[in-house]
Amino acid sequence: MEKKAQPADAEMITGSEALMRALKNEGVTTIFGYPGGAIMPVYDALYDYTRGEKKSFTHVLVRHEQAATHAAEGFARVSGNVGVALVTSGPGATNTLTGVADAMMDSTPLVVIAGQVAISSLGTDAFQEVDLVGVAQPISKWSYQIRHAEDIAWAVSRAFYIARSGRPGPVVLDFPRNAQVEKVAFHPEKVDFVRSYVAYPKLDAEALQSAVSLINSAKKPLALVGQGVELGNAQQELREFLEKADIPAGRTMLGLSALPSNHPLNVGMLGMHGNYAPNIKEQECDVLIAIGMRFSDRVTGNVATYAKQAKVIHLDIDKSEINKNIIADVAVIADCKESLAALTPLVDKADHKEWRQSFLPLAEKERQRVIEPAIHPTEGPLLMGEVVNAVAEQAPDDTVLVTDVGQNQLFATRYFKYHHQRSICTSGGLGTMGYGMPAAIGATFATDRTVCCFMGDGGFQMCIEELGTIMEQQSPVKMILLNNHYLGNVRQWQDMFWQRRQSFTKMLNPCYELIARGYGIAYEAVTDRNALNDAIKRMLNTPGSFILECAIREDDDVLPMTPPGMSVDDMMLEIRV
């Protein structure tokens, strides 16, 4: 950037102090981080901004840099604000990359600020030097190296604008040590335009009218609701559109809380382990309206056979998603808050009662063959579905569900209840084990709502060090550990598709009670279903954090399931080996 002339009497401050002021100007309140040598000047400046008259930020010291990014993700997903992680160079920076990739896949607004060696040492293989910009570029929305202190105000403002605008995503700022200690006259900057970056595409009136024509002529319309509705804060616009056009709606995993579970037009979750009715009906509808979703392979199954009978309308803010996986007959490229609001006055008031009722026998079939046996078993060890259902029945309506990845995620998302927006945090696109606990910590800093985190024994041990963060921060996470002594999802696939050759999925686990005691966290174990409800009540009524360990049947399987590579109408209600 071109150097800016500074007035002779300007207040000169360090780049680290300038970073603090720039973050404050962006409305940052919470930073998740871990200090180290190359970021030490920034942490020295941060000292004054977490106490006394200058206090502006809460800093959460995590126990691993990857957890800093996941905690920032959880904070962002629940609050709707940009999550911030602050780490050192080298391994501190590379440890964040899983979280950066996770945020990119799931469109989570994140700014990661990492220390770096001074620019005079770049390229010398200096201690803890890594080409962070080069490594992060393919998995972030923008990555940039702040080489001089005078660039800080612009770079930070640009980073937050890019992270939060349009389709949100992660930004990585590489901050060499020389820029942290250089003196600069700080002047706030406000970036709200980036050349060649169109955050909010202009709504095409012709495309809108084409969509209206298809919707008004549809006899069997089906909406697919994704996280874009949550990201665009378009929950009310969605309901008004669906209710006027009388369109049943399935929801993706990340879009589950965009429409309340008890809404009469909600027909369930889409995808490989979603609900039976919406998956089958995708192959029967005549108009498919995708709203803020990307046609993930876990939703479509085999794209060669997916919804071939239907006209497809795709509403999305990101042009790159159009025709990427499924060809759209009509593409409405805009923020869904704007496109839905524009559609609703133009569509006819409709009555698709017969079509809607055709979902009911399929839903009933799933209820009898899958859901009731999963949530109300009468004998044998505890099942994951019954634990999730029991927690959902007692938890407050505005509870935030956080999950790790694996069977715990699939059971939890299926059987939890969603009544309020921004009520789910889970790793969708990347499927990151170890995401759950730190994301739940971040969520507790974003809201006063109850936060329930479901984890398997595998994922729990991938982030077990963050119990230290929970202990130190007194973060009131209610942790439900579904312990089956297996990497359960991999075990299920091995049983189904690999002749039951359970290769390295059985786990020898520690005594979690002793671990909980070491961190001063309340703990209870449940092995008997007759004790489950009372244990859940104690967990929810206990102030602060809690670990509820549930002994789960080892061969508990997630159903329904669309086998990989198969069509969505090949969904199985029972295991066929």
Side-chain angles (χ1 to χ4, degrees), residues 253 269-276 279-280 282-283 296-306 325 362 365-366 368-375 377-388 403-415 426-436 454-462 481-510 527 550-577:
M253 182 180 287
M269 185 169 78
L270 302 162
M272 177 180 278
H273 291 288
N275 292 109
Y276 190 58
N279 281 278
I280 297 299
E282 284 176 303
Q283 302 296 76
S296 159
D297 59 296
R298 287 299 174 101
V299 166
T300 64
N302 186 347
V303 295
T305 61
Y306 181 75
N325 296 325
L362 296 172
K365 185 177 182 180
E366 180 186 358
Q368 291 183 10
R369 294 175 60 178
V370 177
I371 296 175
E372 279 301 312
I375 67 175
T378 57
E379 58 184 9
L382 287 168
L383 301 181
M384 293 192 192
E386 73 172 309
V387 174
V388 174
T403 83
D404 207 82
V405 167
Q407 288 183 317
N408 68 91
Q409 174 188 41
L410 303 171
F411 276 109
T413 52
R414 275 182 56 84
Y415 293 117
T426 193
S427 175
L430 200 62
T432 305
M433 288 181 69
Y435 169 94
F454 288 85
M455 294 174 281
D457 41 315
F460 184 90
Q461 291 182 83
M462 280 198 177
L481 173 57
L482 303 174
N483 187 359
N484 58 7
H485 297 277
Y486 270 95
L487 298 175
N489 212 39
V490 184
R491 190 275 310 154
Q492 179 173 337
W493 282 48
Q494 287 173 339
D495 284 356
M496 293 178 67
F497 309 120
W498 296 92
Q499 295 78 50
R500 298 188 182 275
R501 290 162 58 89
Q502 295 178 357
S503 181
F504 300 102
T505 46
K506 179 78 171 177
M507 298 189 75
L508 177 63
N509 289 325
T527 58
C550 299
I552 301 297
R553 193 177 80 188
E554 290 186 349
D555 62 348
D556 194 8
D557 290 322
V558 188
L559 289 168
M561 180 179 186
T562 302
M566 301 295 283
S567 174
V568 291
D569 50 0
D570 292 322
M571 179 171 255
M572 304 184 311
L573 292 174
E574 57 191 11
I575 297 293
R576 298 194 297 268
V577 180

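Computation of the quantities below employed the complete heavy-atom set of this structure, encompassing side-chain atoms and omitting hydrogens, waters and symmetry-equivalent molecules.
- Applying the salt bridge (charged side-chain N to carboxylate O under 4.0 Å, His left out) test to residues at least two apart or on different chains, the pairs with a partner in residues 565-575 are R369-E574.
- The minimum heavy-atom distance between S567 and Q283, with the atom names listed, is OG-NE2, 3.2 Å.
- Every side chain to side chain donor-acceptor pair (under 3.5 Å) that Y306 has, sequence neighbours left out, goes to E282.
- Neither side chain, N484 nor D556, offers a donor N or O lying under 3.5 Å from an acceptor on the other.
- Between M253 and Q409, some side-chain heavy-atom pair lies under the 4.5 Å cut-off.
- The side-chain contact (heavy atoms from CB on, under 4.5 Å) test with M384 is passed by exactly one of I552, L410, D557: I552.
- In terms of the ring-ring contact (aromatic ring centres under 6.0 Å, His included) criterion, residue partners of Y435 (sequence neighbours excluded) are, by chain and number, H70.
- Applying the side-chain contact (heavy atoms from CB on, under 4.5 Å) rule to T527 yields the partners A551; only residues at least two apart in sequence or on another chain are considered.
- Residues meeting the ring-ring contact (aromatic ring centres under 6.0 Å, His included) test with W498, sequence neighbours left out: none.
- Looking at residues two or more places apart in sequence or on another chain, you find a side chain to side chain donor-acceptor pair (under 3.5 Å) between Y486 and Q502.
- Partners of N489 according to the side chain to side chain donor-acceptor pair (under 3.5 Å) rule, which considers only residues two or more places apart in sequence or in another chain, do not exist here.
- Take K506 and apply the salt bridge (charged side-chain N to carboxylate O under 4.0 Å, His left out) test, not counting sequence neighbours, and it matches E554.
- Applying the ring-ring contact (aromatic ring centres under 6.0 Å, His included) test to F460 and every residue at least two apart in sequence or in another chain returns Y512.
- Take D555 and apply the salt bridge (charged side-chain N to carboxylate O under 4.0 Å, His left out) test, not counting sequence neighbours, and it matches R553.
- A search for salt bridge (charged side-chain N to carboxylate O under 4.0 Å, His left out) contacts involving R414 returns E366, not counting sequence neighbours.
- Judged as a side-chain contact (heavy atoms from CB on, under 4.5 Å), and not counting sequence neighbours, P373 has no contacts.
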